[in-house]
There are 2 protein chains.
Amino acid sequence: MFVGKRIKELREEKGMVQRQLAAALEIDSPMYSKIERGERRAKREQVIELARIFEIDVDELLTLWLAGQIYEIIKDEKVAKATLSFVEMKL
Amino acid sequence: MFVGKRIKELREEKGMVQRQLAAALEIDSPMYSKIERGERRAKREQVIELARIFEIDVDELLTLWLAGQIYEIIKDEKVAKATLSFVEMKL
DNA sequence: TAAGACTTGTCAGAATTTGACTAAAAGTAC
DNA sequence: GTACTTTTAGTCAAATTCTGACAAGTCTTA
């Protein structure tokens with residue numbers, strides 16, 4: 001989701017096509033396309049590999065990847081903000 | 001997890017035993033025990049029902065329930081706080 | 001010991017996720 | 001327009017995870 005949008009930006013900046021990144025991740029292009037669009041979730045290892053390929057800080061991409069997962073859980077919740085505050089307190 | 005700890009407190013305050021709550025949720029006692037200890041995840045409907053039984057604000061319990069799910073995702077992540085900040089910004 | 005409360009472990013069926021495949025759609029160049 | 005590449009959409013079986021139930025265990029109290 002968030003990570004999908006970001007890797008699409010990065011891919012286009014680098015002038016690459018989906019097929020190339022799919023090959024690097026050893027998945028097929030349709031699958032990579034779905035990851036970019038947030039239809040499928042990337043694996044942690046794939047996120048790390050993508051950061052390596054795009055030469056950006058892996059933490060940036062991992063943050064987006066995790067954020068997408070969390071967002072999916074609370075996006076429609078009335079108590080979303082309270083939940084985040086609670087978790088932050090517990091960290 | 002968080003919700004498990006809380007419903008245990010509430011149950012003991014009310015002087016109830018697990019068997020009674022298991023019956024109310026139409027699950028067996030071992031299952032309820034696991035929910036309390038965070039070994040199994042309660043369903044949303046069960047959380048709502050528990051709030052009703054204990055006569056507390058359903059939002060309180062839902063917050064703890066959601067928080068547990070989120071905590072599981074980011075608890076060991078170096079970027080945990082950054083992730084929460086990002087999600088909060090996106091809400 | 002007996003009885004009740006709670007926990008642990010296992011297991012099959014259900015539900016979800018995964019990766020691959022096909023083919024359609026969209027975009028590009030000729 | 002056609003031919004070609006890229007991207008997206010849809011389907012499917014295999015793999016994985018989740019679920020609920022059961023049996024048997026521990027622990028406490030009477």
Side-chain angles (χ1 to χ4, degrees), chain A residues 1-54 61-62 64-77, chain B residues 1-54 61-62 64-77:
Chain A
M1 223 256 263
F2 300 126
V3 78
K5 180 160 178 270
R6 185 72 182 108
I7 63 177
K8 180 173 183 179
E9 287 171 2
L10 290 163
R11 176 174 63 80
E12 290 171 345
E13 280 174 20
K14 297 271 180 181
M16 301 176 79
V17 294
Q18 293 184 348
R19 176 178 42 79
Q20 295 174 288
L21 292 159
L25 302 183
E26 298 179 272
I27 56 179
D28 66 5
S29 302
M31 179 73 76
Y32 181 83
S33 171
K34 285 167 189 176
I35 290 173
E36 256 191 15
R37 285 174 294 117
E39 196 180 311
R40 292 292 179 94
R41 175 176 303 170
K43 294 185 168 181
R44 184 188 196 79
E45 272 305 302
Q46 294 171 331
V47 174
I48 293 167
E49 177 64 10
L50 287 170
R52 205 190 56 72
I53 292 169
F54 292 134
L61 230 44
L62 280 176
L64 296 176
W65 179 67
L66 292 166
Q69 295 175 49
I70 290 173
Y71 186 80
E72 276 306 303
I73 293 175
I74 60 170
K75 63 172 185 240
D76 297 325
E77 298 286 347
Chain B
M1 225 255 263
F2 300 126
V3 78
K5 179 158 177 270
R6 185 74 181 105
I7 62 177
K8 180 173 183 180
E9 286 171 2
L10 290 163
R11 176 173 64 82
E12 290 171 345
E13 281 175 18
K14 298 270 181 183
M16 301 175 79
V17 294
Q18 293 184 345
R19 176 177 42 78
Q20 295 174 286
L21 293 159
L25 302 183
E26 299 179 88
I27 56 178
D28 67 4
S29 302
M31 180 72 75
Y32 182 82
S33 171
K34 284 167 189 175
I35 290 173
E36 254 190 17
R37 285 174 293 114
E39 194 181 313
R40 290 293 179 95
R41 174 176 304 170
K43 292 184 167 180
R44 183 188 196 81
E45 272 305 302
Q46 294 171 332
V47 174
I48 292 168
E49 177 64 9
L50 287 170
R52 204 190 56 72
I53 293 169
F54 294 135
L61 229 44
L62 280 176
L64 296 176
W65 178 68
L66 292 166
Q69 295 174 49
I70 290 173
Y71 186 79
E72 276 306 304
I73 293 175
I74 60 169
K75 62 174 188 242
D76 296 325
E77 298 286 347

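Computed from a predicted model, the values in this text were never measured in an experiment. Lettering follows sequence order; numbering is per chain, from 1.
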**Message:** Please give me the minimum heavy-atom distance between L25(A) and Q46(A), naming the atom from each residue.
**Reply:**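 What the structure gives for the nearest pair is CD2-O, 3.9 Å.
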
**Prompt:** For the residue pair K43(B) and W65(B), what are the closest heavy atoms and their distance?
**Reply:**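 Scanning both residues completely, I find the closest heavy atoms to be C-CZ2, 4.0 Å.
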
**Item:** Distance, nearest 0.5 Å, that separates CG of L21(A) from CZ of R11(A)
**Value:**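 Taking CG in L21(A) and CZ in R11(A), the distance rounds to 7.0 Å.
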
**R41(A) CZ to Q69(A) CD distance, which is reported to the nearest 0.5 Å** =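 Separation between the atoms: 4.0 Å.
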
**Request:** Taking salt bridge (charged side-chain N to carboxylate O under 4.0 Å, His left out) as the test, write out the residues that go with R52(A), two or more places apart.
**Result:**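 E49(A).
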
**Message:** Run the salt bridge (charged side-chain N to carboxylate O under 4.0 Å, His left out) test against K75(A) and tell me which residues pass, sequence neighbours left out.
**Reply:**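 Listed in chain order: E72(A).
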
**side chain to side chain contact (heavy atoms under 4.5 Å, CB included) against E45(A), all qualifying residues, sequence neighbours excluded** =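 For E45(A), the residues satisfying side chain to side chain contact (heavy atoms under 4.5 Å, CB included) (neighbours in sequence not counted) are I48(A).
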
**Message:** According to side chain to side chain contact (heavy atoms under 4.5 Å, CB included), who are the partners of R6(A), at least two apart in sequence or on a separate chain?
**Reply:**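 Partners of R6(A) by the side chain to side chain contact (heavy atoms under 4.5 Å, CB included) criterion, ordered by chain and then number, come out as E9(A), L10(A), E13(A), E60(A), L61(A), L64(A).
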
**Message:** Can you give me the bend angle of the helix from dT1(C)-dA30(D) to dC30(C)-dG1(D)? Use the axis through the first five pairs and the one through the last five, nearest 10 degrees.
**Reply:**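 Between the axes fitted at each end of the helix from dT1(C)-dA30(D) to dC30(C)-dG1(D) lies an angle of 30°.
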
**Asked** Looking at residues 68-77 of chain B, who's got a heavy atom less than 4.0 Å off DNA chain C?
**Response**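 The answer is none.
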
**Request:** Kindly indicate, with the supporting measurements, whether the criterion side-chain contact (heavy atoms from CB on, under 4.5 Å) is fulfilled by I27(A) and I35(A).
**Result:** CA-CA 11 Å; I27(A) 56 179; I35(A) 290 173; 3.9 Å; yes

**Asked** Which residue pairs pass the side-chain hydrogen bond (donor to acceptor under 3.5 Å, both in side chains) test with at least one member in residues 15-30 of chain A, sequence neighbours excluded?
**Response**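 Qualifying pairs, neighbours excluded: Q18(A)-E36(A).
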
Please work out which residues in [range] have a non-hydrogen atom less than 4.0 Å from an atom of DNA chain D and list them by number.
range: residues 6-16 of chain A; answer: R11(A)
range: residues 35-43 of chain A; answer: R37(A)
range: residues 20-32 of chain B; answer: D28(B), P30(B), M31(B)

**Request:** Show your reasoning for whether side-chain contact (heavy atoms from CB on, under 4.5 Å) applies to L62(A) and R44(A).
**Result:** CA-CA 8 Å; L62(A) 280 176; R44(A) 184 188 196 79; 4.1 Å; yes

**Request:** Report, as a single string ordered 5' to 3', how protein heavy atoms within less than 4.0 Å touch nucleotides 24-30 of chain C: B base, S sugar-phosphate only, - not at all.
**Result:** -------

**Message:** Within the supplied structure, the quantity of interest is the number of heavy atoms (other residues, nucleotides, ligands) at a distance under 6.0 Å from K14(B) NZ; does it exceed 12?
**Reply:**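 Check passes, neighbour count above 12.
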
**Message:** Output the rounded distance in Å from NZ (K34(B)) to C1' (dT8(C)).
**Reply:**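 In whole Å, dT8(C) C1' lies 7 Å from K34(B) NZ.
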
**Asked** Taking only side-chain nitrogens and oxygens of S33(B), does any of them come within less than 4.0 Å of OP1 or OP2 of dC6(C)?
**Response**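 No, because none of the side-chain N or O atoms of S33(B) sits under 4.0 Å from OP1 or OP2 of dC6(C).
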
**Prompt:** Side-chain contact, heavy-atom cut-off 4.5 Å: V3(A) with L50(A)?
**Reply:**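 Not touching, per the 4.5 Å side-chain cut-off.
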
**Pairs touching residues 21-53 of chain B that satisfy ring-ring contact (aromatic ring centres under 6.0 Å, His included), sequence neighbours left out** =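 As it turns out, there is no ring-ring contact (aromatic ring centres under 6.0 Å, His included) pair with a partner in residues 21-53 of chain B once direct neighbours are skipped.
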
